[in-house]
Amino acid sequence: MKIAIDGPAASGKTSLGQALAEQFGLRFIETGKMYRAVALAFDRGIKLSDIDIQVTGDERFLLNGQDVTSQLHTPELDQKSSQVATLPDVRARLVELQRKIARQHDVVMEGRDIGTIVLPDADVKIFLKATTSERASRRLEQRQCGELEQITRELTVRDKRDSERAIAPLKPARDATIIETDQKPLREVISEVSNLVKDRLDNVAGAAKDRD
Ligand code: DC
């Protein structure tokens, strides 16, 4: 089972992904953290060819063997990760790593290009949407610091860069289910996607039975 979740920053991908991973026993991979780890490595003067990123089963991110998980979610790395994500060499390296993980495990993977580029054959593809103002409020609540106006400005800059870049821009896959989350509580989003996953599992089981 491969589930792809895409959408802009603070659209609820992580909460949805974690819930599905728990419910269906899948490995949860936040690919944004890989781009954040690369941005952190560049800040430390490490060249791309010397960067090694590993993701552990309990969702920790190791940069050249060091656990950097708690250092990845800063406003500075929000922007820097989005900048490094425009670089073809960086994307090629990380897409390769993401596909390797998906070959080894059943996964729910979230990011910007999972349904379009990383896992075009994913069993279920979800694209989450929410207005900028709603996402800025959510981010402010999560981080418990900063100002709404500033967060809104930063999200807008990042959305534009992530959606307009030449390679693998943020967009829904043609076969993705698009969910607008502004007016929808998280538990409803989870339940809707969970039903899609169950349908998919039923179809797979049915097809296997027909073959027998
Ligand atoms: O999901 P996030 O906010 O942690 O992602 C940080 C940045 O990484 C995001 O602004 C764009 C980039 N990114 C990407 O280009 N492709 C992905 N699959 C995931 C993230």
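Whatever order the structure lists ligands and atoms in, that order sets their numbers, starting from 1.
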A.B. asks: So for atom CD, which belongs to Glu96, do other residues, nucleotides or ligands contribute more than 12 heavy atoms lying within a distance under 6.0 Å?
C.D. replies: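 No, not enclosed.
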
A.B. asks: Give the numbers and elements of all ligand 1 atoms closer than 4.0 Å to a heavy atom of Asp113.
C.D. replies: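 Within the 4.0 Å cut-off of Asp113, ligand 1 contributes 16 (N), 17 (C), 18 (N).
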
A.B. asks: Under 4.0 Å from a heavy atom of Arg165: which atoms of ligand 1 are those, numbered in the order shown and with their elements?
C.D. replies: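 Answer, ordered by atom number: 14 (C), 15 (O), 16 (N).
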
A.B. asks: Can you see whether Arg158 engages Ser82 through a side-chain donor-acceptor pair at a distance of less than 3.5 angstrom?
C.D. replies: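 Ser82 and Arg158 do not have a side-chain donor-acceptor pair below 3.5 Å.
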
A.B. asks: Does any N or O atom in Arg36 lie less than 3.5 angstrom from one in ligand 1, N or O only?
C.D. replies: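 N/O-N/O distance under 3.5 Å: yes.
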
A.B. asks: Using a 3.5 Å distance criterion without hydrogens, assess whether the side chain of Thr177 forms a donor-acceptor pair with backbone atoms of Ile126.
C.D. replies: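 Side chain of Thr177 to backbone of Ile126, a donor-acceptor pair under 3.5 Å: no, none is there.
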
A.B. asks: Testing Arg112, Glu30, Lys80, Arg91 for side chain to side chain donor-acceptor pair (under 3.5 Å) with Tyr35, which one passes?
C.D. replies: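 Filter result, single survivor: Arg91.
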
A.B. asks: With backbone taken as N, CA, C and O and side chain as the heavy atoms from C-beta onward, which portion of Glu30 lies under 4.0 Å from ligand 1: side chain, backbone, both, or neither?
C.D. replies: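 Neither part.
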
A.B. asks: Does only the side chain of Gln79 get under 4.0 Å from ligand 1, or the backbone, or both, or neither? Count heavy atoms.
C.D. replies: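 Neither part.
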
A.B. asks: Determine the sole option in Val197, Leu16, Ile114, Val107 for which the side chain to side chain contact (heavy atoms under 4.5 Å, CB included) test with Ile3 is passed.
C.D. replies: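 Option passing the side chain to side chain contact (heavy atoms under 4.5 Å, CB included) with Ile3: Val197.
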
A.B. asks: Only heavy atoms of Arg158, strictly under 4.0 Å: list the atoms of ligand 1 that pass.
C.D. replies: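 Selected atoms, number and element: 3 (O), 5 (O), 6 (C), 7 (C), 9 (C), 10 (O).
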
A.B. asks: Examine the proximity of ligand 1 to Arg112 and report which part, side chain or backbone, both or neither, has a heavy atom under 4.0 Å away.
C.D. replies: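 For Arg112, backbone and side-chain atoms both sit under 4.0 Å from ligand 1.
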
A.B. asks: Please answer whether the main-chain N or O of Ala102 pairs with a side-chain N or O of Lys2 as donor and acceptor at a distance below 3.5 Å.
C.D. replies: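 Yes: the side chain of Lys2 pairs with the backbone of Ala102.
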
A.B. asks: Do ligand 1 and Thr31 have nitrogen or oxygen atoms that lie under 3.5 Å from each other?
C.D. replies: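 Such a contact does occur with ligand 1.
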
A.B. asks: Quick check: does any side chain N or O of Arg99 sit under 3.5 Å from a backbone N or O of Leu119, one acting as donor and the other as acceptor?
C.D. replies: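 No; judged by distance alone, with no hydrogens or angles, the pair does not exist.
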
A.B. asks: Show me which atoms of ligand 1 lie under 4.0 Å from any heavy atom of Ala85.
C.D. replies: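 Answer for ligand 1: 12 (C), 15 (O).
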
A.B. asks: For Arg91, which part has a heavy atom under 4.0 Å from ligand 1: side chain, backbone, both, or neither?
C.D. replies: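 Side chain only.
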
